[in-house]
Each structure stands twice: as C-alpha cells, then as structure tokens.
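Counting convention: from 1, in listed order, for ligands and their atoms alike.
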Amino acid sequence: MPIALITGASRGLGRAAAHALARRGWSLIVDARRADDLAGATHGLADVVTVPGDVTDPAHRAGLAAAVARAGGLDVLVNNASRLGPSPQPLLRDYPLDELGRVYDTNVFAPLSLIELLTAPLAAAAGTIVNVSSDAAVEAYPGWGGYGSSKAALDQLTAVLAAEEPSLRCYAFDPGDMRTDMHQQAFPGEDISDRPEPETAIPALLRLLDERPPSGRYRASDLAAPAATS
Ligand SMILES: NC(=O)c1ccc[n+]([C@@H]2O[C@H](COP(=O)([O-])OP(=O)(O)OC[C@H]3O[C@@H](n4cnc5c(N)ncnc54)[C@H](OP(=O)(O)O)[C@@H]3O)[C@@H](O)[C@H]2O)c1
C-alpha cells in the first residue's frame with residue numbers, strides 16, 4: 001500500500017487527511033508538536049507511525065526521514081503543519097520581524113527542508129508533494145501579509161520544484177476556509193461556526209492524489225466541482 005508523510009496531523013486538515021488515507025489502507029507517518037494530541041488523533045488507525053516534534057527542528061525532520069527509510073519508501077508528502085503568526089494579525093508596518101521569521105521557518109523553510117530530505121524516495125516512487133497553501137497567498141487581505149507572504153513563497157517553491165522535478169507531482173493545495181484552531185486564531189473572538197469542517201476539503205485532496213493532474217496550484221473548491229461533461 002502507498003506510504004504518506006503528513007505533518008500536523010493531530011487536528012484540523014492534517015487529522016482529516018490522515019483518517020481518510022488510513023481508511024484506504026495507506027501506511028502513514030505523522031507528526032505534531034504535542035505527542036498526547038497526536039496519539040489521541042491517530043488512536044485506532046491501523047498502520048501509523050507517530051513522530052512527535054516540531055517541523056522547525058532539524059533533528060525532528062531527520063527523525064521523520066529516518067521513519068521514511070524504515071518504512072521502505074514514500075509516495076506522498078503533505079506539508080500541512082503551519083504557523084499563522086500573531087493573533088490578531090498585525091499590519092505589515094507593525095509586524096514583529098522575529099515572529100515573521102518563525103512564520104517563515106514553519107511555513108517555508110521546514111517544508112523545503114523536508115522536500116530536500118525526501119526527494120530521493122519520492123522520486124523513486126514517482127511520488128507526490130502536496131504543500132498546503134491558502135487564498136492568503138494570492139489575495140491581499142489587510143493583516144495577512146506575514147502568513148500570506150509565507151504561503152506565496154511556498155506556492156512559488158512548489159511551482160519551481162515542479163519545473164525542476166518532472167518525475168514528481170508538486171501541488172500547492174488551497175483547502176479553503178475551515179473551522180479549525182488556526183482559523184479561530186485568525187478571527188479571535190468571532191463565531192466561525194459557519195465555516196465548513198476540515199473533512200469537507202478531503203474529497204478534493206483525494207482527487208489530486210487519485211487523478212494526478214499536472215503539477216500546479218489547485219483550490220479545493222475547484223477540485224470538488226463536478227467534472228465538466230463536454
Ligand atoms: N483553517 C483554515 O481556514 C485554512 C485556510 C487555508 C489554509 N489553511 C492551511 O491548512 C493547513 C492546516 O491548517 P488547520 O487549520 O487544519 O490547522 P490546525 O487545526 O491549527 O492544525 C495544525 C496542525 O499542525 C500541527 N503543527 C502546528 N505547528 C507545528 C509545527 N511547528 N510542527 C509540527 N506540527 C505543527 C498542530 O499540532 P501541534 O500544535 O501539537 O503542533 C496541528 O496538528 C495549514 O497549512 C493552513 O495554513 C487553513
């Protein structure tokens with residue numbers, strides 16, 4: 001069965017993706033910083049290796065690569081773990097640069113480092129990289145300059161990687177708004193109960209993995225639409 005590594009799998013989109021792939025019988029390697037949450041989120045899944053840790057920690061990333069080596073390969077890497085930045089999000093003229101560095105460490109440098117560590121096994125499997133993006137990468141929402149620019153950088157890394165690694169599929173995947181901890185952090189004090197659950201983005205993610213369209217940037221809302229009949 002295929003093997004996937006999903007970062008940030010203890011809740012939200014990452015947890016939903018892990019459960020969806022586990023239901024298909026995939027082997028999983030997953031992480032999150034809080035070991036107890038990760039263990040709880042993956043309890044009962046048949047074939048899952050949990051590697052608690054922070055994706056910004058090089059030793060943790062080496063641990064993930066070691067888990068891939070022990071598993072004997074890798075078909076799909078989902079760079080999902082992400083950092084929003086301050087809540088509420090500041091205007092760029094007030095943005096603390098030390099925090100911006102932490103946002104980029106998590107959203108840009110850690111995904112690229114995992115790609116560097118794992119391109120060889122992914123290429124051997126003609127595999128797939130899914131870098132989880134956001135509409136904030138392409139829309140200029142006031143207050144979203146830190147997080148949004150990090151996701152824009154991740155999008156461009158994905159696009160260049162696709163040109164450099166034609167044996168791989170490289171996707172920037174925008175799941176759309178989801179009712180998660182990160183979304184609540186982005187809208188502190190607001191009622192976000194009208195946002196869809198993260199599970200609603202999973203059919204689009206599975207469509208990417210199943211149909212393997214050309215590398216590029218995809219929105220869940222587009223992938224979830226019924227296929228054109230003519
Ligand atoms: N929610 C939305 O509306 C929305 C919209 C567009 C895009 N996205 C993107 O969708 C992805 C998932 O977001 P979400 O809303 O599902 O977030 P979430 O519910 O807050 O979950 C984030 C997951 O990542 C883990 N994580 C966070 N920082 C980590 C780190 N440094 N190292 C390892 N694990 C880490 C968290 O566990 P720990 O805290 O225990 O580490 C948790 O498992 C992100 O890439 C986000 O940018 C979300």
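- Atom CG of D194 has more than 12 neighbouring heavy atoms from other residues, nucleotides or ligands inside a 6.0 Å radius.
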Determine, step by step, whether W144 and K151 satisfy the side chain to side chain contact (heavy atoms under 4.5 Å, CB included) criterion, reporting the C-alpha distance in whole Å, the side-chain angles of both residues, the deciding distance to 0.1 Å, and the verdict. CA-CA 10 Å; W144 290 77; K151 291 294 191 179; over 6 Å; no
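- Look at R24 and D210 and you find a salt bridge, because one of the NZ, NE, NH1 or NH2 atoms lies within 4.0 Å of a carboxylate O, short of that distance.
- For residues 75-104, the set of pairs meeting the salt bridge (charged side-chain N to carboxylate O under 4.0 Å, His left out) definition, not counting sequence neighbours, comprises R83-E99, D98-R102, E99-R102.
- Sorted by first and then second residue, the side chain to side chain donor-acceptor pair (under 3.5 Å) pairs with a member in residues 161-175 form an empty list; sequence neighbours excluded.
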List, pair by pair, the atoms of ligand 1 and of the protein that are both N or O and lie under 3.5 Å apart, giving the separation rounded to 0.1 Å.
unit_1   : atom_1 : unit_2 : atom_2 : d
ligand 1 : 1 (N)  : M178   : O      : 3.4
ligand 1 : 1 (N)  : T180   : OG1    : 2.9
ligand 1 : 3 (O)  : M178   : N      : 2.8
ligand 1 : 3 (O)  : M178   : O      : 3.4
ligand 1 : 3 (O)  : H183   : ND1    : 2.8
ligand 1 : 15 (O) : T180   : OG1    : 2.5
ligand 1 : 16 (O) : L13    : N      : 2.8
ligand 1 : 20 (O) : R11    : NE     : 3.4
ligand 1 : 20 (O) : R11    : NH2    : 3.4
ligand 1 : 20 (O) : M182   : N      : 3.3
ligand 1 : 28 (N) : R33    : NH2    : 3.3
ligand 1 : 31 (N) : D54    : OD1    : 2.9
ligand 1 : 32 (N) : V55    : N      : 2.9
ligand 1 : 37 (O) : S10    : OG     : 3.2
ligand 1 : 39 (O) : R11    : NH1    : 3.3
ligand 1 : 39 (O) : R11    : NH2    : 3.4
ligand 1 : 39 (O) : R33    : NH2    : 2.9
ligand 1 : 39 (O) : R34    : NH2    : 2.7
ligand 1 : 40 (O) : R33    : N      : 3.4
ligand 1 : 40 (O) : R34    : N      : 3.0
ligand 1 : 40 (O) : R34    : NE     : 3.2
ligand 1 : 41 (O) : R33    : N      : 2.8
ligand 1 : 41 (O) : R33    : NE     : 2.7
ligand 1 : 43 (O) : G8     : O      : 3.4
ligand 1 : 43 (O) : S10    : N      : 3.1
ligand 1 : 43 (O) : S10    : OG     : 2.6
ligand 1 : 43 (O) : R11    : N      : 3.4
ligand 1 : 45 (O) : N80    : O      : 2.7
ligand 1 : 45 (O) : K151   : NZ     : 3.0
ligand 1 : 47 (O) : S82    : OG     : 3.2
ligand 1 : 47 (O) : Y147   : OH     : 2.5
ligand 1 : 47 (O) : K151   : NZ     : 3.1

Sequence neighbours left out, cut at 3.5 Å: what donor-acceptor pairs do the side chains of residues 40-51 make with other protein atoms?
unit_1 : atom_1 : unit_2 : atom_2 : d
T42    : OG1    : L38    : O      : 2.8
T42    : OG1    : A39    : O      : 3.4
D47    : OD2    : S27    : OG     : 2.5

